[in-house]
Number of protein chains: 2
Amino acid sequence: MVERSQGPRYRRIADDLRAKIDQKVYAADDQLPSEPELMEEYGVSRNTVRLALNLLANEGRIVSQPGRGTFVRTRTVLNFTLGVEGPGSEHDPEYRSEIEAQQRTPGWGPVTMRVLPATTGIADRLRIPIEDLVVLRQITRQVDGEPALIQRSYYPLDIALNTALTKQQEIEQGTIAYLAELGHQQIGYRDQLLARMPGPQETEELRLGQGVPVMELFRTANSAERSIRLTHTIFPADLFHLVYNVGDISPQDR
Amino acid sequence: MVERSQGPRYRRIADDLRAKIDQKVYAADDQLPSEPELMEEYGVSRNTVRLALNLLANEGRIVSQPGRGTFVRTRTVLNFTLGVEGPGSEHDPEYRSEIEAQQRTPGWGPVTMRVLPATTGIADRLRIPIEDLVVLRQITRQVDGEPALIQRSYYPLDIALNTALTKQQEIEQGTIAYLAELGHQQIGYRDQLLARMPGPQETEELRLGQGVPVMELFRTANSAERSIRLTHTIFPADLFHLVYNVGDISPQDR
DNA sequence: CAGTGGTCTAGACCACTGC
DNA sequence: CAGTGGTCTAGACCACTGA
């Protein structure tokens, strides 16, 4: 009600609503006043109300549902452990057990396989020439039936050719173990993490709300000789927190 | 010019402009047509043009500058190495050398120190009771003179009391070494990473553009007995990529 | 069927930029 | 001073939700 802050009208309204959300005047999942009510309350036009609501939506704090109303967004977060220190660094995040340990239901779509020329980003990370052919294996994983992450693994063609990696099926024993069987023993990896706003296609594939960034992980796995795999994972930031455990973490739970 | 996609008018305009940016019709730093020009080109009202531009701005793809125009956003990225595997896991990211190695100029503001009761998030991670007093040391670091990250370190009061940690100065030898001198030898840490859209205060402090998420790192450092420090770092996602090197990465360049 | 948010128009005045 | 984007108004019609 009281608008302490300064600046344009729509920004003050957004500040006021944000403060009320923080103070739990509107708690999680609560419905905000409707747009006509906010017009009345703040004495502004509908477009100005909508500018304010849009600001909060782009901060990921509210969601609007046509025909229903505008609601305070809730976030239920999953931890996903990406890295543990240890001899050999053989940790392969096991999606299924990670999710089940947190009382959620994991799921996954089919594996799709393609052969394509390496783009700059792929070639640089795999340390192969640009345009060299690579095998791409892609899978979409789910949590509680909803799409939750997109994973794309790239293999140099000579590694994947005439192996199960070119089949559109999951590798039973895990890809790290399978690569080791093929003579490519993983001895370490480099992870590069970034965050950005999604494009329209990712927004659709991952059912992302307005104001929800994605985190991207590029993991380059190496054998003693070369880079053997690049795994590119896209995480919706409202669903996942990523975890690395390094060194001795004995006194630490989970 | 051609609008292939479907959906509302402003979304098709955004799709068209996005495609032109991707195809380098408008390259990095290029100026987009002005709003009146876009009204003319697409035959829509100014508000519709602005809806389209706002969509792209919230994807972090364009920036508008009052009185000047609208421009394709460029991203110049820094790698910041957060973790390396190794005995003892004593890696402490050294801000200065990290930045200088990438031909940029590091800088930092003063250290500010406060004593405050632990909130839930702090207490849980430090494994101390809520409301227990902690020492907070905060510093803002810069790249090329611009604010680039905010770092807050929390120490249990009994660890920091009567030490240099309560002075508003940087610790010369680094905090890990200093804590070891105090008898708190770090043996490992747990990192939790997430991304979200910034609030208005962070947007101001870090001079963030519209559509730029932040990444948050919570690093809990442990001695053999207990958690000795929680470091909370906020990174603008348009400036930093975070890196972990695990295992033997000998064949890999940085 | 009343109420919700989604889309769109056609204006207006403003502060700021850069010539 | 002309051109830019920022803010704001007052309408309109639409599709959808849920009682």
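Per chain, numbering begins at 1; letters A, B, ... match sequence-line order.
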Under 3.5 Å for both distances, Watson-Crick or G-U wobble, that's the pair rule; now give the dot-bracket for DNA chain C, with | marking pairs to another strand and [ ] for crossing ones.
||||||||||||||||||.
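- Between Phe235(A) and Phe80(A), the ring planes lie tilted relative to each other; the angle falls in the 30° to 60° range.
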Take nucleotides 6-14 of chain C nucleotide by nucleotide from the 5' end and write B, S or -, depending on whether a protein heavy atom sits under 4.0 Å from the base, only from the sugar-phosphate, or from neither.
BBBBB-B--
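- To the nearest angstrom, C1' of dG3(C) lies 16 Å from CD of Glu40(A).
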Review item, side-chain donor-acceptor pairs of residues 205-213 of chain A, under 3.5 Å, at least two apart:
unit_1, atom_1, unit_2, atom_2, d
Glu205(A), OE2, Gln201(A), NE2, 3.0
Arg207(A), NH1, Glu204(A), O, 3.0
Gln210(A), NE2, Asn58(A), OD1, 3.1

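- Residues meeting the side-chain hydrogen bond (donor to acceptor under 3.5 Å, both in side chains) test with Gln31(B), sequence neighbours left out: none.
- For Thr74(B), the side chain to side chain contact (heavy atoms under 4.5 Å, CB included) partners at least two apart in sequence or on another chain are Ala28(B), Asp29(B).
- Between Arg68(A) and dG5(C) there is no side-chain polar atom (N or O) within less than 4.0 angstrom of OP1 or OP2.
- Here the C1' atom of nucleotide dT17(D) and the CZ atom of Phe71(A) are 10 Å apart, to the nearest Å.
- Applying the side-chain hydrogen bond (donor to acceptor under 3.5 Å, both in side chains) test to Arg104(A) and every residue at least two apart in sequence or in another chain returns Asp144(A).
- Remark: Glu216(B) engages Arg196(B), His232(B) in a side-chain hydrogen bond (donor to acceptor under 3.5 Å, both in side chains) (not counting sequence neighbours).
- To the nearest angstrom, C1' of dG5(C) lies 15 Å from CG of Leu56(A).
- Atom CD in Glu37(B) sits roughly 6 Å away from atom P in dT4(D) (whole-Å rounding).
- Partners of Glu35(B) according to the salt bridge (charged side-chain N to carboxylate O under 4.0 Å, His left out) rule, which considers only residues two or more places apart in sequence or in another chain, are Arg46(B), Arg50(B).
- Rounded to whole Å, atom C1' of dT4(D) lies 14 Å from atom CD1 of Ile62(B).
- Not counting sequence neighbours, Thr203(A) has no partner by the side-chain hydrogen bond (donor to acceptor under 3.5 Å, both in side chains) test.
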